[in-house]
Amino acid sequence: MFSSVAALVLLVLLGAACASFGPTLQRCPADFQLVRRGQTISESEARYIEQKRENVLPGAFKTYLQSVKGTGVQLPKYVEQILESKTQLPTVGISTSGGGYRAALFGAGVLNALDARNVSSVQKGTGGLLQAATHLAGLSGGSWLLTSLAQANLPTIQHLIFGDGKTKDFAGWIPSFSLWTVSDDPAEQAIFAQEVLQEFAVKAKHFPVSVGDAWGRALARHFTNGTTLATLFANTSHGAGILFSDLVNLPAFASHEHPFPIIVANLASKYINGTIFPGGNGIIPLNTPMFEFNLFEMGCYDDVLAAHTPLKHLGTTNHSLCVTGFDEAMFISGTSSNLWNEHNITLAQSTANFSILVNETYPQSPALRLDTSNYPNPFHGVAPETFADSRETILALIDGGEDAQVTPLQPMLVEDRNIDVIVTIDATPDNFALGGSLIATQERMQIFPHGLAAFPAVPTSLAGFAAENLTSRPTFFGCTPSSSSSSSKAPGPLLVYIANGAPPRDGSPPLTNTSLGQLTFTDDEMQGMLKQTFDVATQGAVVGGALEDEEWGACLACAVVDRARARENVARSGVCTTCFARYCWEG
Ligand SMILES: *[C@@H]1O[C@H](CO)[C@@H](O)[C@H](O)[C@H]1NC(C)=O
Ligand SMILES: *[C@@H]1O[C@H](CO)[C@@H](O)[C@H](O)[C@H]1NC(C)=O
Ligand SMILES: *[C@@H]1O[C@H](CO)[C@@H](O)[C@H](O)[C@H]1NC(C)=O
Ligand SMILES: *[C@@H]1O[C@H](CO)[C@@H](O)[C@H](O)[C@H]1NC(C)=O
Ligand SMILES: *[C@@H]1O[C@H](CO)[C@@H](O)[C@H](O)[C@H]1NC(C)=O
Ligand SMILES: *[C@@H]1O[C@H](CO)[C@@H](O)[C@H](O)[C@H]1NC(C)=O
Ligand SMILES: *[C@@H]1O[C@H](CO)[C@@H](O)[C@H](O)[C@H]1NC(C)=O
Ligand SMILES: *[C@@H]1O[C@H](CO)[C@@H](O)[C@H](O)[C@H]1NC(C)=O
Ligand SMILES: *[C@@H]1O[C@H](CO)[C@@H](O)[C@H](O)[C@H]1NC(C)=O
Ligand SMILES: *[C@@H]1O[C@H](CO)[C@@H](O)[C@H](O)[C@H]1NC(C)=O
């Protein structure tokens, strides 16, 4: 750590000059379409998934099946048939929750346990499901994990978090330094702040800027290429040119190996006064429209808006002048994790108030909120009867979990995505998980059912989760899809719920229940968290006296194929019957 300003200044001077990155405006392409209406997915997304199904999934599911079979548990014939078929392959989504670094690490630990490249995960019979997943959604801390993984071209989790010691570009998450307050020395902190502010000077010339821009730039030092421990304080670009829409060009995307990435954000609307989620931890009402950023679009699937805009031209509001370069990866992830509208959080206790600093450097209109992440509203004038913010010129977006849905399940429920099973990773609200995020999604489905697949029944109270230990062992929800009367609706996905809910079974001290406020970690702490998370994701339930379920790998596979099984009209049998009795919550 640098203790003297002199050393720091020297480093700054040595640093390469900061190239100027930022949005630019050009005449729009002739076929430019600013807004796509509807609750169906884009053609680009459909093509990505189709290619993934063609070229990646058959091999990926074969590898996964080998891993499951390696555990020696006898699988019913239909499980093998489905996983070896080309046409019946299931559609698997993974949703990884918010919860700061704790969630980023817990999510990473689960992804590692599902990764075919990790021998231990393969031995447990869970390795390979990551490669077979078609969609991956992240929110807040979960979006740090997702963005960092995607932009680094899908490395292993060990390489992602700790660096591989080879590539000078990407050196891991650099968790020995905090995100905002990098130094106790006010002079050092001030230089850091100046650099962060300069990095969006180009953007500030044409667009409103706020704390969200500073936050994204600060996060980029940890979660995108361009910063190492040695260059943390250097005046370099720190990944400023990495755009979310450009990820499609990386090899892991060009080959369709990477699951289709989706990041979720909430809208801070002054027009919506709904009922705050009764659980008490929702800051904004559940009836507020939600937004998602995916590889190709930013938009809203709720029927009140049902509109999308090309990600590549984010910032654009008409058909004559098109913006590019607005969709900086960490600005988007910083939007999904922007909690600056909540005043009393630990993050806000920073030595420098970036809201004030931003406005001093780039004076903004008094009408602009400085605590939100601000986007020129591409949906201006769209759906004015049902979308109140249609009249706004700015969409003010905030952390995707502020409506209490802290696990990004909503994108997986878009009917047109046809997701069969959602691996639902929950590390919220704080410390240990309680289940409230699922309750919030269940309640929101009552408000916005249209165009969304059925969401399985989950308990209606936290006590319901606690009474049956649903957060301390994997749980399946939706094993028996409700045959509702309005039955044109598909059965909806089955949820495989893996929560960070309890201390290790072997009695060792818990490491994964760190608080939202903990923003620095040693490598040992992080390895400890990953190890305990590995156990959470690979042990299954306590069976008899044993701390580990030898059949868990097989049980997970039974859940993965279950909707495909139902489509084929085959009855559940063999170990899958036992597994469903053990893991299903039926209300
Ligand atoms: C960083 O470099 C840019 C030019 O590349 C320069 O304008 C700026 O003053 C430098 N910032 C600091 C804090 O030294
Ligand atoms: C980030 O670095 C990794 C490792 O060097 C590389 O594979 C990847 O292409 C880089 N990503 C971007 C967006 O430059
Ligand atoms: C929301 O509440 C505020 C303050 O109570 C009020 O001024 C505003 O009119 C309400 N808006 C709606 C849409 O009900
Ligand atoms: C289109 O948008 C650009 C950038 O926001 C703006 O400068 C321009 O005035 C707009 N043109 C029309 C015709 O509205
Ligand atoms: C903010 O935090 C302080 C100190 O922890 C507390 O006294 C105060 O009541 C909090 N304010 C709100 C609005 O929660
Ligand atoms: C930072 O400044 C903003 C804008 O003046 C203010 O609303 C907020 O309370 C300040 N936050 C802190 C932590 O001082
Ligand atoms: C930002 O600065 C402008 C110009 O100095 C001022 O009018 C505005 O009120 C400030 N915004 C906030 C939220 O403090
Ligand atoms: C929940 O876990 C506790 C402690 O491990 C155990 O005593 C209890 O029997 C479990 N309850 C159920 C319904 O499994
Ligand atoms: C984690 O949980 C244990 C008890 O299970 C508790 O003693 C410890 O304080 C918790 N850690 C944090 C950071 O809250
Ligand atoms: C596999 O996962 C375990 C558990 O997290 C970890 O200790 C090990 O380093 C991983 N192996 C590789 C090659 O990433």
Side-chain angles (χ1 to χ4, degrees), residues 21 23-28 32 34 147-156 159-173 203 205-208 220 222-228 237-255 257-258 261 295 309 313-330 332-333 374-378 380-381 393-394 432 435 459 463-475 499 501-507 539-547 549 581-586:
F21 288 103
T24 54
L25 292 125
Q26 303 89 11
R27 182 198 293 271
C28 290
F32 179 67
L34 178 63
T147 307
S148 123
L149 186 70
Q151 69 86 44
N153 193 39
L154 197 56
T156 62
H159 284 171
L160 177 70
I161 297 179
F162 304 100
D164 65 4
K166 286 192 294 229
T167 35
K168 61 175 173 37
D169 244 9
F170 190 72
W173 288 357
K203 179 175 178 181
K205 283 193 189 130
H206 297 289
F207 298 95
H222 301 268
F223 301 110
T224 54
N225 289 358
T227 307
T228 63
S237 67
H238 296 288
I242 299 176
L243 304 180
F244 209 85
S245 60
D246 278 350
L247 297 181
V248 73
N249 300 319
L250 293 179
F253 286 92
S255 63
E257 278 163 83
H258 204 292
L295 193 53
T309 198
H313 293 301
L314 215 50
T316 306
T317 52
N318 61 45
H319 286 83
S320 41
L321 268 182
C322 270
V323 179
T324 49
F326 196 97
D327 61 313
E328 195 189 297
M330 239 32 228
I332 292 175
S333 182
N374 300 321
Y375 293 75
N377 185 3
H380 187 85
T393 54
I394 297 290
F432 285 127
F465 277 87
E468 298 183 60
N469 297 334
L470 302 181
T471 61
S472 61
R473 59 163 176 89
T475 303
R505 293 184 186 147
D506 63 8
Q539 282 181 332
V542 174
V543 180
L547 298 186
D549 177 2
R582 189 177 299 149
Y583 289 100
C584 290
W585 184 85
E586 298 283 9

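Since this is a predicted model, take the numbers as computed values, not measurements. Residue numbers count from 1 along this sequence. Both counts, for ligands and for their atoms, begin at 1 and track the order of listing.
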*4.5 Å side-chain heavy-atom contact, Phe223 and Ser333*: no
*At what distance is the nearest protein heavy atom to atom 12 (C) of ligand 2, and which residue and atom is it?*
Asn225 ND2, 3.3 Å
*Where is the nearest protein heavy atom to atom 11 (N) of ligand 4: which residue, which atom, and how far?*
Asn318 ND2, 2.8 Å
*Can you pull out the closest protein heavy atom to atom 7 (O) of ligand 2? Residue, atom name and distance to 0.1 Å, please.*
Asn153 CB, 3.8 Å
*Could you see which bit of Leu250 sits under 4.0 Å from ligand 2, with heavy atoms only: side chain, backbone, both or neither?*
side chain
_atom 6 (C) of ligand 8 [closest protein heavy-atom partner, distance rounded to 0.1 Å]_ = Asn469 ND2, 4.1 Å
*How far does OG1 of Thr227 sit from NE2 of His238, to the nearest 0.5 angstrom?*
4.5 Å
*May I ask you to decide if Val323's main-chain N or O and Thr316's side chain share a donor-acceptor pair within less than 3.5 Å?*
yes
*asked:* Is atom 9 (O) of ligand 8 touching the protein, meaning some protein heavy atom lies under 4.0 Å away?
replied: no
*Within the structure, does at least one protein heavy atom fall under 4.0 Å of atom 14 (O) of ligand 8?*
yes
*asked:* Quick check on contacts: which atoms of ligand 4 are under 4.0 angstrom from a heavy atom of Leu25?
replied: 4 (C)
_Arg27 versus Leu321, closest heavy-atom pair with distance_ = N-CD2, 4.1 Å
*Identify the protein heavy atom lying closest to atom 5 (O) of ligand 2, giving its residue, its atom name and the separation to 0.1 Å.*
Thr167 CG2, 3.0 Å
*Determine, step by step, whether Arg473 and Arg505 satisfy the side-chain contact (heavy atoms from CB on, under 4.5 Å) criterion, reporting the C-alpha distance in whole Å, the side-chain angles of both residues, the deciding distance to 0.1 Å, and the verdict.*
CA-CA 10 Å; Arg473 59 163 176 89; Arg505 293 184 186 147; 3.8 Å; yes
*For atom 3 (C) of ligand 8, is the nearest protein heavy atom closer than 4.0 Å?*
yes
_If I take atom CG from residue Leu160 and atom CD from residue Gln151, how far apart are they, to the nearest 0.5 angstrom?_
8.5 Å
_Can you give me the closest heavy-atom contact between Phe32 and His313, atom names plus distance?_
CE1-CD2, 3.6 Å
_Element-labelled atoms of ligand 8 that are located less than 4.0 Å from some non-hydrogen atom of Ala467_ = 13 (C)
*Aromatic ring pairing Phe326/Tyr375, orientation class (parallel under 30°, perpendicular over 60°, tilted between)*: tilted
_Can you name the atoms of ligand 2, numbered from 1 with element, that are less than 4.0 Å from a heavy atom of Gln151?_
1 (C), 8 (C), 10 (C), 11 (N), 12 (C), 13 (C)
*Test side-chain contact (heavy atoms from CB on, under 4.5 Å) applied to Tyr583 and Asp549, step by step*: CA-CA 11 Å; Tyr583 289 100; Asp549 177 2; 2.6 Å; yes
*Within-cut-off N or O pair, Glu468 and ligand 8, under 3.5 Å*: no
*So which bit of Ser472 gets within less than 4.0 Å of ligand 8, heavy atoms only: side chain, backbone, both or neither?*
neither
